[in-house]
Asker: 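Handing you a structure now.
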Amino acid sequence: MSTASTETTLASPAATVRVIASPQSWVEGEAVRQLEAVARLPGMKAAVGLPDLHPGKGAPVGAAFTSEGLFYPYLVGNDIGCGMGLWDVGMLARKSKAERWASKLEVEGPWNGDVEGFLAEEGVKPSGFEGALGTVGGGNHFAELQRVDAVHDARAFAELGLEADRLLLLVHSGSRGLGEAILRAHVDRHAAGGLVADSDEARAYLTRHDHAVAWARANRALVARRVLDGIGAPARRVLDVCHNSVTPRREDGALRWLHRKGAAPADEGPVVIPGSRGALSYLVAPVGDGTGSAYSLAHGAGRKWTRTAARERIKERFTAESLTRTSFKSHVVCENKDLLFEEAPQAYKAIDRVVTDLVEAGLVKVVATLAPVLTYKTRSREE
DNA sequence: ATGTTC
């Protein structure tokens, strides 16, 4: 058999590439180029950019990819299991003591409770990274107390058991060092290469991946518990979704692999799409069957400026102190000044436009908008 | 994103 005919045999139709974003949602050209590069990987069937699409390290963030026959741990990235959890807090928003909480609340270092017992309650095995369980982490991670700004769909809101006058707690965090260790072990052998799905190595990765997803969910639950202990309120978990993962899915009669890289699920019920700490967050309910968007939604506002650019530009215009309050009069706990600048609201795109794009694409309906009361980042001053 | 930079 000639080389040419072999290539013909192996050739598969190009993957579908789709960017779901209106012209008003500016998307960097580099992010689209990254999306197209991923679409050319062997086995790829679809590459979908959501309205918060932005460039990442090799692969774009705010995107979902489906493949057949093999999958790519590199596309999931290091923070396997990262996602958003929402809690209904048993406290009226008007009873908030945001200023006092901002000075007292502390969620740092290893939890001094029964970590193993907590994991057992969550049905998760220990990983060896329990020293970080119950910590928010860095970058864009946070724990945020919110009040209901407006209810847009009273029925869907009530079906979630929510009340307009009660506080909510949104936690964005992941698997800390655990996911990082799992990706590193893969990259050491395969770099950005994929795994043949029907192989022992693929099964071993998926076992570790699934553990990291469960551990990350437990991590968010422990962060929530520590915040709630700090403010002295009970709470009920309303939802918890993962936006960095790879999962099997039957589609068009074939077994496919759905990679989500900063993409919320459109097939697990309502999700929260957070803005920056100085913007509204949106509680939305998926609409439609998800086939045109790889069963995924935007996971946030998406960066407008790189971390370096944000530090430089925002330092010129704002003091660190002024950035601990927002236009919503909410408080920000972030004693690391660089992080305070990097994560300033000005560094992010407008969440309103991102959500409007999803509504206009027929992917979601807005259930409620949520406003920040207190955003917890870190007490640590290390830089 | 990262017990983050060996």
Side-chain angles (χ1 to χ4, degrees), chain A residues 31 34 52-64 72-85 106-112 115 119 126-143 171-188 191-192 205 208-209 211-213 215-220 222-223 226 241-246 259-264 274 276-277 298-303 305-311 334-343 347-348 375-383:
Chain A
Q34 289 183 344
D52 58 333
L53 183 70
H54 58 282
K57 192 182 162 190
V61 183
Y72 295 84
Y74 184 77
L75 295 180
V76 178
N78 64 326
D79 199 0
I80 302 163
C82 188
M84 302 275 174
E106 186 160 331
V107 183
E108 302 292 330
W111 186 48
N112 59 14
V115 174
L119 280 176
S127 68
F129 290 82
E130 276 63 42
L133 193 75
T135 59
V136 172
N140 58 359
H141 289 173
F142 61 80
V171 177
H172 176 203
S173 188
S175 56
R176 312 292 281 104
L178 173 59
E180 166 76 11
I182 294 168
L183 179 67
R184 198 184 311 124
H186 169 79
V187 167
D188 283 350
Y205 170 82
R208 302 170 100 190
H209 163 283
H211 180 213
V213 168
W215 196 92
R217 181 182 165 96
N219 183 45
R220 289 186 288 276
L222 187 51
V223 168
R226 294 175 87 176
V241 295
C242 166
H243 55 226
N244 286 349
S245 64
V246 57
H259 307 69
R260 290 191 175 112
K261 177 60 172 175
S276 67
R277 68 196 183 211
H299 82 311
R303 266 194 174 282
W305 297 339
T306 64
R307 293 185 173 279
T308 308
R311 273 200 309 274
C334 183
E335 296 189 6
N336 178 328
K337 286 189 182 177
D338 278 346
L339 190 57
L340 199 52
F341 292 119
E342 290 166 9
E343 293 294 317
Y348 283 87
T375 308
Y376 187 97
K377 297 287 286 181
T378 181
R379 290 270 179 217
S380 167
R381 289 164 183 272
E382 68 192 49
E383 291 184 11

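So you know, we letter chains A, B, ... as the sequences are listed, proteins then strands, and number each from 1.
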Asker: B:dT2 C1' sits how many Å from A:D338 CG, rounded?
Answerer: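 About 17 Å, once rounded to whole Å.
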Asker: Over all strands shown, is A:G137 touching base, sugar-phosphate only, or nothing at heavy-atom distances under 4.0 angstrom?
Answerer: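 Result for A:G137 = sugar-phosphate.
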Asker: What's the CD-C1' distance between A:E130 and B:dG3, to the nearest Å?
Answerer: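 Those two atoms, CD and C1', are 13 Å apart.
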Asker: Look at all strands and tell whether A:G138 reaches a base, only sugar-phosphate, or nothing, counting heavy atoms closer than 4.0 Å.
Answerer: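 Sugar-phosphate contact only.
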Asker: Could you give the NE2-to-P distance, from A:H141 to B:dG3, as a whole number of Å?
Answerer: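 Rounded to the whole Å, the gap is 10 Å.
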Asker: Over how many whole Å does the gap from A:H172 atom NE2 to B:dT2 atom P extend?
Answerer: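 Atom-to-atom, A:H172 to B:dT2, this comes out as 9 Å.
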Asker: Rounded to whole angstrom units, what separation is found between the CZ atom of A:R184 and the C1' atom of B:dT4?
Answerer: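 Value for this atom pair: 10 Å.
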Asker: Salt bridge or not between A:E108 and A:R379? Use side-chain N to carboxylate O under 4.0 Å.
Answerer: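 No, this pair does not count.
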Asker: Look at all strands and tell whether A:G77 reaches a base, only sugar-phosphate, or nothing, counting heavy atoms closer than 4.0 Å.
Answerer: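 It contacts nothing in the nucleic acid.
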Asker: Would you kindly give the CG-to-P distance between A:L133 and B:dG3, to the nearest whole Å?
Answerer: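 It works out to 12 Å between those atoms.
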Asker: Just to verify, what does A:V246 make a side-chain contact (heavy atoms from CB on, under 4.5 Å) with, not counting sequence neighbours?
Answerer: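 For A:V246 the side-chain contact (heavy atoms from CB on, under 4.5 Å) partners, ignoring immediate neighbours, are A:F71, A:V76, A:Y205, A:L206, A:H209, A:W257, A:H259.
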Asker: Could you check how far CG of A:N336 sits from P of B:dT4, rounded to whole Å?
Answerer: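 Those two atoms, CG and P, are 15 Å apart.
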Asker: Answer yes or no: is there an ion pair linking A:R307 with A:E343, defined by an N-O contact shorter than 4.0 Å?
Answerer: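 Counted as a salt bridge, because a side-chain N and a carboxylate O are separated by less than 4.0 Å.
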Asker: List in chain and number order the residues that pass side-chain contact (heavy atoms from CB on, under 4.5 Å) with A:A181, two or more places apart in sequence or in another chain; answer none if no residue qualifies.
Answerer: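 If we apply the side-chain contact (heavy atoms from CB on, under 4.5 Å) test to A:A181, skipping adjacent residues, the hits are A:F129.
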Asker: Give the rounded distance in Å between these two atoms: CD1 of A:I80 and P of B:dT2.
Answerer: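 My rounded result for the distance is 12 Å.
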Asker: When we call it a touch if two heavy atoms are under 4.0 Å apart, what does A:G128 touch: a base, just sugar-phosphate, or nothing?
Answerer: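 Here A:G128 touches the bases of the nucleic acid.
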